[in-house]
2 protein chains.
Amino acid sequence: MELLDRKYRILQAIIDDYILTALPVGSRTISRKYEQKLSSATIRNEMSDLEDLGYLDSPHTSAGRIPSNKAYRLYVDQMLQPFPLSVEDIAYIRSCFDTRSHQIEQISMRLARAISGMTNYTTAVMTRMPRDDQKLSHMQLVPVADRRVILILVTENGAVTQTPVDLDAAIDPDVLYTVSKFLSKRLEGVPMSKLHQSLIDIAAGEPEEMSKLLRTLAAQDDESPDVGSIVVGGRSNLLSYPEYSDVEKARNLLSVLETKDKMISLLNTHGEMEITVRIGPETGMEELKDCSVVTASYRMRDGRVNTIGLIGPTRMQYGKVLSVLNQVGRSLYELLDAQDDEQR
Amino acid sequence: MELLDRKYRILQAIIDDYILTALPVGSRTISRKYEQKLSSATIRNEMSDLEDLGYLDSPHTSAGRIPSNKAYRLYVDQMLQPFPLSVEDIAYIRSCFDTRSHQIEQISMRLARAISGMTNYTTAVMTRMPRDDQKLSHMQLVPVADRRVILILVTENGAVTQTPVDLDAAIDPDVLYTVSKFLSKRLEGVPMSKLHQSLIDIAAGEPEEMSKLLRTLAAQDDESPDVGSIVVGGRSNLLSYPEYSDVEKARNLLSVLETKDKMISLLNTHGEMEITVRIGPETGMEELKDCSVVTASYRMRDGRVNTIGLIGPTRMQYGKVLSVLNQVGRSLYELLDAQDDEQR
DNA sequence: GTTAGCACTCGATGGACTTGAGTGCTAACA
DNA sequence: TGTTAGCACTCAAGTCCATCGAGTGCTAAC
């Protein structure tokens, strides 16, 4: 078992070094920098074993070794050492939330920027609003022009959506207010996913004019999307890694970041409150076969789910990335708790 | 004058060819492809003159010539030939506007994508809301939680802004509605830029509770920004040009696209309804010294100003780009007119 | 089991040479 | 006087080749 432990240490050293330098690691490097008790020849033997076991690849005979995806997997699952964040970094993360501005997009943007800045990878922040488990608290119609209103929906846990709606006929503001109150009473507690049907049901029992309005609203509501915004920050970071000094590779990557569908499928992890690391082929996307994607989801008090995804080369500084994402979660919940206290 | 005309034609041929190939153009190329009546030796003499006049640069003795920024300037100002857009392209541009979805960000996104797709350059769409010349039509407070409301401001020409506001105390929805009506009456016609002050003035004459609410609103309103969203599309296009095969250059460019301040200063052209071309140093930004930026602004019915900016190498296909931007303007005003008809 | 030693591999580096696209200049021509 | 053919010259890019050095694998000795 002692031997196994040594192999393990050597593998870890190789991965650490490769993550740092992006250069194939040779036996002498390990012997000098990491395992001074052992000669390079011994390391060589071990490395040869590790290659047979599938943890190392060699680009060609006379270069060093580079970690395989299997090695990264092991590294992420078992070898990670906690990476201590600096006080500044922690403060920086906190500062993303800790502000009066409640615009979700702004917070996402700040977060994406901050995380990209600290890690030097590319960050995507997606905000989803799963409709299934959300119930309507109330709705209000606000006139903005003769035949145009904004439909505001507020759910029981406080999420707000706004949709502009064009009407067929002008309606008096006071009437709109009355209708809003009427609908709020009738629809309170209705799941958001059933809203469309409920509106139509109510429409059936109302006089023509009212019925028409309700059907217009129902039509509008139907198309409101589950996935909200996706904000990406730190794209230019990608280009600072030698693995993307090939412009064609970089272009493919950038183009993935610009394709909403692909980003959604990347960020659409099903677990919540947990951090997922996908290495190379595990991303299920050909273009990302030498990238890693780390995602973390946080469910907000108002039912929104925020997913943060970090994209970088497979030799990513997983330790730091995970620490940052953990800290993001911690700061977020600190903030939520603080808001709770405030409201109590 | 005949000579001048010939020089002119030769210069145009050189620029055209260089825009197409990105390769220094030699005298033989011109003689074969563009001016078959003239021998390469004659062209050479002319080219030498053009170099003396500052329209051409030569990378080194034995390469061809490339157009100088001065040449591009002349090209854009005088040599441009109308580039006919395909029926598909025109339909594509129309389709960006012609939809029920009124979310401004979505339209911007679609536009950015469409223009990038057609031109193969990078497109930024900025939406500004100049507050000076806008007057309030009415406002409304919509409750979303115990102590949280959304402040909705509608201007006389129909622009809508929404800001979430945290209150110090819970307020009954019916009271909020009454307050909204009261404030709308008092503030109707007040310029948006004076809104802050007006709210404070009104607050002075009201009982404590009301006064407090008004001051909270005033505080919130104060920070609403002039520049709205900036949406960028087609970043990966940049990497398809040989001028950015140097990763470092590409990184600088990408990083400009990610810096909101720089983008604002790029897109903040003062003219409206006109198209501006800035070539290399004319952009006033070191990072863009071998890029060109073409911007066009369109004032919308509701007072918003949309600025579209195209970024590409200085050897940009100016003809096509200008045609596309002209078509965008045409489609936009078609749409506005159609809406007018509809509302009549 | 560990290590020193040595032959071998193979990409990277750099110099010498060749190639070819292009220029500038001169002299002849219409 | 403008145009052109011809020719010497320039210079980046490509090819070939030798060298270098980091690295491996294997063997034999400790």
Side-chain angles (χ1 to χ4, degrees), chain A residues 1-11 13-15 17-18 20-68 71 242-243 245-246, chain B residues 1-11 13-15 17-18 20-68 71 242-243 245-246:
Chain A
M1 209 55 190
E2 204 215 330
L3 186 94
L4 236 169
D5 181 53
R6 193 175 70 181
K7 267 201 182 48
Y8 193 89
R9 278 198 338 264
I10 291 178
L11 180 57
I14 294 174
I15 301 177
D17 202 76
Y18 187 71
L20 218 66
T21 64
L23 262 35
V25 187
S27 52
R28 267 210 67 196
T29 310
I30 297 300
S31 134
R32 260 180 318 167
K33 287 212 281 183
Y34 299 90
E35 298 280 342
Q36 308 191 343
K37 301 265 173 65
L38 300 177
S39 80
S40 67
T42 312
I43 309 276
R44 259 197 309 277
N45 291 331
E46 296 288 35
M47 282 168 93
S48 179
D49 291 354
L50 284 168
E51 185 169 359
D52 290 344
L53 291 169
Y55 290 111
L56 295 180
D57 293 329
S58 41
H60 59 267
T61 341
S62 77
R65 303 293 209 304
I66 62 176
S68 68
E243 23 274 275
S245 60
D246 173 4
Chain B
M1 209 53 189
E2 204 214 331
L3 186 94
L4 236 170
D5 181 54
R6 193 175 69 181
K7 269 202 179 47
Y8 194 88
R9 278 200 335 266
I10 292 177
L11 181 57
I14 295 173
I15 301 177
D17 203 76
Y18 187 71
L20 218 64
T21 64
L23 262 35
V25 186
S27 52
R28 267 210 66 198
T29 311
I30 297 300
S31 134
R32 261 180 318 167
K33 287 212 281 181
Y34 300 90
E35 299 280 341
Q36 308 191 342
K37 301 264 172 63
L38 299 177
S39 80
S40 66
T42 313
I43 309 276
R44 262 204 298 284
N45 291 331
E46 296 289 34
M47 282 168 91
S48 178
D49 290 355
L50 285 167
E51 184 168 358
D52 288 345
L53 291 170
Y55 290 110
L56 295 180
D57 294 329
S58 40
H60 59 267
T61 340
S62 77
R65 303 288 208 310
I66 62 177
S68 68
E243 21 276 274
S245 59
D246 174 4

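In what follows, every chain begins at residue 1, and chains take the letters A, B, ... in the order their sequences are listed. Computed from a predicted structure; not experimentally measured.
Distance from the side chain of T61(A) is smallest for dT9(C) among the nucleotides dT9(C), dA5(D), dG24(C). Listed nucleotides: dC11(D), dG24(C), dT9(C). Nearest to the side chain of E51(B): dG24(C). Listed candidates were dT23(C), dG23(D), dA5(D). Nearest to the side chain of R65(B) is dT23(C). Considering only the side chain of R44(A), dC26(D) comes nearest among dG23(D), dC26(D), dT10(D). Listed candidates were dT24(D), dG23(D), dT3(C). Nearest to the side chain of S27(A) is dT24(D). When each of dT23(C), dG24(C), dA5(D) is scored by its nearest atom to the side-chain atoms of S48(B), the top-ranked nucleotide is dG24(C). In the set dT4(D), dG23(D), dT23(C), dT4(D) carries the atom at the smallest distance from any side-chain atom of N45(B).
Here the P atom of nucleotide dA4(C) and the CD1 atom of I43(A) are 12 Å apart, to the nearest Å. Between the CG atom of D52(B) and the C1' atom of dT23(C) there is a distance of 14 Å, rounded to whole Å. What separates CZ of R6(A) from C1' of dG1(C) is a distance of 8 Å, to the nearest Å. In this structure, CD of E35(A) is placed 11 Å from P of dT3(C), rounded to the nearest angstrom. The CG atom of D49(B) sits 14 Å away from the P atom of dT23(C) (whole-angstrom rounding). A straight line from OH of Y18(B) to P of dG22(C) spans 14 Å, rounded to a whole angstrom.
T21(A) places a side-chain N or O within donor-acceptor distance of the main-chain N or O of D17(A), the cut-off being under 3.5 Å. Under a 3.5 Å cut-off, the side chain of Q36(B) and the backbone N or O of R32(B) do form a donor-acceptor pair. Side-chain atoms of S68(A) come within 3.5 Å of backbone atoms of A71(A) as a donor-acceptor pair (strictly under, hydrogens ignored).
Residue S39(B) places no side-chain N or O under 4.0 Å from the OP1 or OP2 atom of dT3(D).
Residues S48(A) and R65(A) have side chains in contact (heavy-atom distance under 4.5 Å, counting atoms from C-beta outward).
Considering R6(A), R44(A), R9(A), R28(A) in turn, R9(A) is the only one that fulfils the salt bridge (Lys or Arg N to Asp or Glu O under 4.0 Å) rule with E35(A).
The base of dT10(D) is paired with the side chain of S62(B) by a donor and an acceptor separated by under 3.5 Å.
The strand DNA chain D forms stems, runs of 3 or more Watson-Crick or G-U wobble pairs with distances below 3.5 Å, at C:1-30 with D:1-30.
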